[in-house]
Amino acid sequence: MMLGIVVLLVAAAIASLVLQGRRESMDDAETRSLSVAEAFAHAPGMVAALDSPDPTAVLQPLAEQTRMETGVEYIVVTGANGIRYTDSDPSQIGKQVNPRFKEALQGRGFTRTYKGSHGRAVVSVVPVPRPGGPPAGLVTVGIRVETVNKLADPSIPFAIGAAVTALALTTGAAALVSRRLGRQTRGLGPAEMTRMYEHHDAVLHAVREGVLIIGADRRLLLANDEARRLLELPADAEGRAVTDLGLEPRTAELLASGRVATDEVRPAGNRLLAVNLRPTGERGGPPGVVATLRDTTELQVVSGRAETVRERLMLLYRAGDRVGTTLDVTTTARELAEVATPEFADCVTVDLADAVLRGEEPEPPSGDVINMRRTAISGTSTDHPLYPLGRVIGFVPLAPEAVGSSSGHTWMVPDLTSSEQWRKVDPEQAARILEHGFHSLLSVPLNARGVILGMANFWRAENEEPFDAEDLSFAEELVARAAVSVDNARRYTREHEMAVTLQRSLLPRGLPEQNALDVAFRYLPARAGVGGDWFDVIPLSGARVALVVGDVVGHGLHAAATMGQLRTAVQNFSTLDLPPDELLSHLDELVVRMDQDEQVVGGIAVTGATCLYAIYDAVTGRCSVARAGHPGPALVLPDHTVEFPEIPAGLPLGIGGMPFEATELEVPEGSRLVLYTDGLIERRDRDFDSGLEQLRQALADRDRTPEETCDDVLEAMLPTRPGDDVALLVARTRILDPARRMQWEVARDASAVAVVRKEATEWLADQGLDEEGFVTELILSELVTNAIRYGSEPITVRLLYDRALICEVSDCSSTSPHLRYAEATDEGGRGLFLVAQFAERWGTRYTARGKVIWSEQTLDEPPPE
């Protein structure tokens, strides 16, 4: 509609401008034609020219020249007789003019628009005055209307352009106004706007929430009925400043602040109002704020209680997340004490039975006193009057504070100052507690599976509110959850202690006496508990020592038990004096049979065990090593350089089917052999090669004893408790003094026995072992005689003076002698029986060339170092 009105107005303006232009052009044409006619009529010589015999010849040129100069259409000069003397059209000269022009002869000129011989034109007629007589003629000047319109037409395009521009501007302005109106009215029409304002008034005064609109000058612009009721506003409140309405100062200050507020509680008479403030100018509205008010007087108590419940639920949630993070009884008790302070109690103490701390099942209370040990304290300063950590507290079963520990019920003392029963147990201690400021107490038993594990005591000092029934219920719920964690930790402690005890019983508790090696060891269990790593140092015949390191994959009792079986098997196999590769083959067969037996009964297979077995010979200084899937040893030479000898890996134990291969190493005296399990060098953040390089750096550069080596390696490799078991064995090598060993080659002749006895006796005398001569002669006689009779050459006798006196007779036969009882009629068969009787130990070991029969005799005193 607005656009249509604008178009009509612009069209009318255009028509008016065109008409006005043409009107002005007509007026200009009339003025010009009249001026030209008067000027030509009053020109000098005009009368003489009319009176001349040929007026046309005189006036026609002048008329045409004047017409051309003035831009008129024609100039006609007529005589008094009405004959035309001049005309722009020569054919009209000599003709009579229109009789209506004759009135000009009366001496009155005029200007008119009419249609003549030259078309419709604006014509001015002026008489030519004759002095003292009638006019001599008429001068008629005409300008055609068509020419007049042409003069006005150039202004029409400008008028149209101005009109179009005005129309565009007006249309744009109308569109902007329409758009803004649409935005402000949300696209609603008049009917919708009217209905909206009607509903606005109805809703504004019907809602049960106070609404205030406050202007930028902090004056009240509008208040609905509910706001007037809640604030008790006067009738003339609108238009006044909110600070002048007699409101509570804090409420008036908030309403006048103009800031954003959300559910801020302010007083209003005997009510508490929740006030919300929001600015009205954020979305193009007028500056100011709108305030909403809710009566929260009745909800205040409920909301406070709900907030308390919410805080308690959050505390229980945090307790579930923080209590029981470890399977340690003491740590769990400390977590319980810490989680309850200071939100619930100012101080918390936890007392546990000693049996619980040891992982044992607590016994029912009996006797005159129930003993509990203070395990955790949280929330108080160091100068508190409560019993300190580690203090054994004796509770009298019949006393009120011990009722919980004996019956499982909570004991609550809301006011300690008025409780005579609480004071009389220990008056001096009670006085110190009251003097410190404690005024309320909750003692809750830690009850799990019907067993009382201890007591949790909650104290309040800075919090002035005494414990009530709701606090009691919450404390019981909190302690009940913690009691489950304490019981789990107790049972884990018991099982862990059992497993550790089993593992320690299966591992060597000390090192056997021997002179071949100076040995030190370390064993570190994993964080997850006991595992299957083991080590051993086993003395063998002939001044040799076996070093063993093994690992059963996994943790727990099964791994520890399997480790014990394998360790026992290795010790048993070592008594056979088997080479390392043969011993590992026998051990592999044993593990395969163990796996088969476990699978038959539905047990857990043992696959995954590894082992390294090394035999060091103190006479030759050589070490024979074989391994079954285990990391190879490190060798630290006397010049402190570190080597990792290439030892064929072999498959882990239990896979079967492949032989193992042993390697002979030359080990100079004073070198250190370092055996270890993979837990030492492998971690989640360190690969195998990096671990070996770090171990190399820890072993190199200086001379250390085996004990120092163990400490330095563990410090460098394991700064924290390992995630896997670690067994470390460090052995410094020694060489048996050549002066304490003797060896002879024996011919295969019975007479050679006497020679051997004589030389042996002389050597023993040189060593100061005269008292061992008789027994040694007897043993050598029997062993050498057996070798001559049943063995094959070469036959060798060797005597070694170590911790024991060792006699060895070797030959190239693989026939093994057997101990037996000889019949009364037998002529022989008593030699080995005599050897077994006089020697501490004896046996046979096989070599690549044959066998060695050996015996050991215990000496009264050990040889010098």
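Start at 1 with the first residue, then count along the sequence. Predicted model, so just to flag it, every value in this text is computed and none were measured.
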Colleague: Going by atom types alone, do Glu476 and Thr410 pair a side-chain donor with an acceptor below 3.5 Å?
Modeller: yes

Colleague: May I ask you to say whether Arg334 pairs ionically with Asp328, meaning some side-chain N is under 4.0 Å from a carboxylate O?
Modeller: no

Colleague: Distance only, no hydrogens: is a donor on one side chain within 3.5 Å (strictly under) of an acceptor on the other, for Thr341 and Ser378?
Modeller: yes

Colleague: Check whether Asn463 reaches the backbone of Asp346 with its side chain - one donor and one acceptor, N or O, closer than 3.5 Å.
Modeller: no

Colleague: Distance from Arg229 atom CZ to Asn224 atom CG, nearest 0.5 Å?
Modeller: 10.5 Å

Colleague: Can you tell me how far apart OG1 (Thr292) and CG (Leu277) are? Round to the nearest 0.5 Å.
Modeller: 7.5 Å

Colleague: Quick one: closest heavy-atom pair of Pro466 and Pro414, and the distance?
Modeller: CB-O, 3.4 Å

Colleague: Find the distance between CE (Met717) and CD1 (Ile681) and round it off to the nearest 0.5 Å.
Modeller: 6.5 Å

Colleague: Partners of Thr243 by side-chain hydrogen bond (donor to acceptor under 3.5 Å, both in side chains), sequence neighbours excluded?
Modeller: none

Colleague: What's the shortest heavy-atom distance between Asp354 and Arg373, and which atoms?
Modeller: OD1-NE, 2.8 Å

Colleague: Would you call Asp351-Arg374 a salt bridge at under 4.0 Å N-O?
Modeller: yes

Colleague: Quick one: pull up CD1 in Ile452 and CG in Asn447 and give me the separation to the nearest 0.5 Å.
Modeller: 4.0 Å

Colleague: Walk me through it: do Thr262 and Asn276 pass the test side-chain hydrogen bond (donor to acceptor under 3.5 Å, both in side chains)?
Modeller: CA-CA 5 Å; Thr262 301; Asn276 292 273; 4.5 Å; no

Colleague: Flag the pair Asp711 and Arg522 as a salt bridge only when some basic side-chain nitrogen lies within less than 4.0 angstrom of an acidic carboxylate oxygen.
Modeller: yes

Colleague: So, the side chain of Asp725 versus the backbone of Gly532: is there a donor-acceptor pair under 3.5 Å, distance only?
Modeller: yes

Colleague: Are any of the side-chain heavy atoms of Asp468 and Met412 separated by less than 4.5 Å?
Modeller: no

Colleague: So among Leu386, Leu389, Ile393, which one has a side chain to side chain contact (heavy atoms under 4.5 Å, CB included) with Thr349?
Modeller: Leu386

Colleague: Report the distance from atom CG of Leu212 to atom CD of Glu226, rounding to the nearest 0.5 Å.
Modeller: 11.0 Å

Colleague: Please answer whether the main-chain N or O of Asp687 pairs with a side-chain N or O of Ser690 as donor and acceptor at a distance below 3.5 Å.
Modeller: no

Colleague: Taking the six-membered ring for Trp and the single ring otherwise, decide whether the centroids of Phe458 and Phe467 are under 6.0 Å apart.
Modeller: no

Colleague: Where do Glu435 and Arg432 land on the salt bridge (Lys or Arg N to Asp or Glu O under 4.0 Å) test, with the steps shown first?
Modeller: CA-CA 5 Å; Glu435 183 179 354; Arg432 289 193 295 269; over 6 Å; no

Colleague: Does a donor on one side chain and an acceptor on the other come within less than 3.5 Å for Asn488 and Ser485?
Modeller: no

Colleague: Under a 4.0 Å threshold between the charged nitrogen and the carboxylate oxygen, would Asp487 count as salt-bridged to Arg491?
Modeller: yes

Colleague: Identify the two heavy atoms, one from Val329 and one from Val356, that lie closest to each other, and give their separation to 0.1 Å.
Modeller: CG2-O, 3.9 Å

Colleague: Could you check whether atom CD of Gln571 has more than 12 heavy atoms from other residues, nucleotides or ligands sitting under 6.0 Å from it?
Modeller: yes

Colleague: Trp459 and Leu442: side chain to side chain contact (heavy atoms under 4.5 Å, CB included), yes or no, with the steps?
Modeller: CA-CA 7 Å; Trp459 304 82; Leu442 265 177; over 6 Å; no

Colleague: Under 3.5 Å, is there a donor on one side chain and an acceptor on the other for Thr610 and Asp551?
Modeller: no

Colleague: Mind listing the closest non-hydrogen atom pair of Trp534 and Ala727 along with its distance?
Modeller: O-CB, 4.3 Å

Colleague: Assess whether atom CD of Glu343 is packed by more than 12 heavy atoms of other residues, nucleotides or ligands within 6.0 Å.
Modeller: yes

Colleague: When rounded to the nearest 0.5 angstrom, what distance separates SG in Cys347 from CZ in Phe438?
Modeller: 4.5 Å

Colleague: Can you name the nearest heavy-atom pair linking Val486 to Leu453, along with the distance?
Modeller: CG1-CD1, 3.9 Å

Colleague: Does Leu441 form a side chain to side chain contact (heavy atoms under 4.5 Å, CB included) with Asn457? I'd like the steps, not just the answer.
Modeller: CA-CA 7 Å; Leu441 168 66; Asn457 306 300; 4.2 Å; yes

Colleague: Looking at Asp536 and Arg567, is any side-chain nitrogen of the basic one under 4.0 Å from a carboxylate oxygen of the acidic one?
Modeller: yes

Colleague: Scan for side-chain hydrogen bond (donor to acceptor under 3.5 Å, both in side chains) pairs involving residues 245-260, sequence neighbours excluded, and state none if there are none.
Modeller: Arg259-Glu264

Colleague: For a quick test of reading the model, state the closest non-hydrogen atom pair linking Phe344 to Asp471 and the distance between them.
Modeller: CZ-O, 3.5 Å

Colleague: Treating Glu335 as the side-chain partner and Gly324 as the backbone partner, does any N or O pair qualify as donor plus acceptor under 3.5 Å?
Modeller: yes

Colleague: Among all residues two or more places apart in sequence or in another chain, which pass the side-chain hydrogen bond (donor to acceptor under 3.5 Å, both in side chains) test with Thr332?
Modeller: none

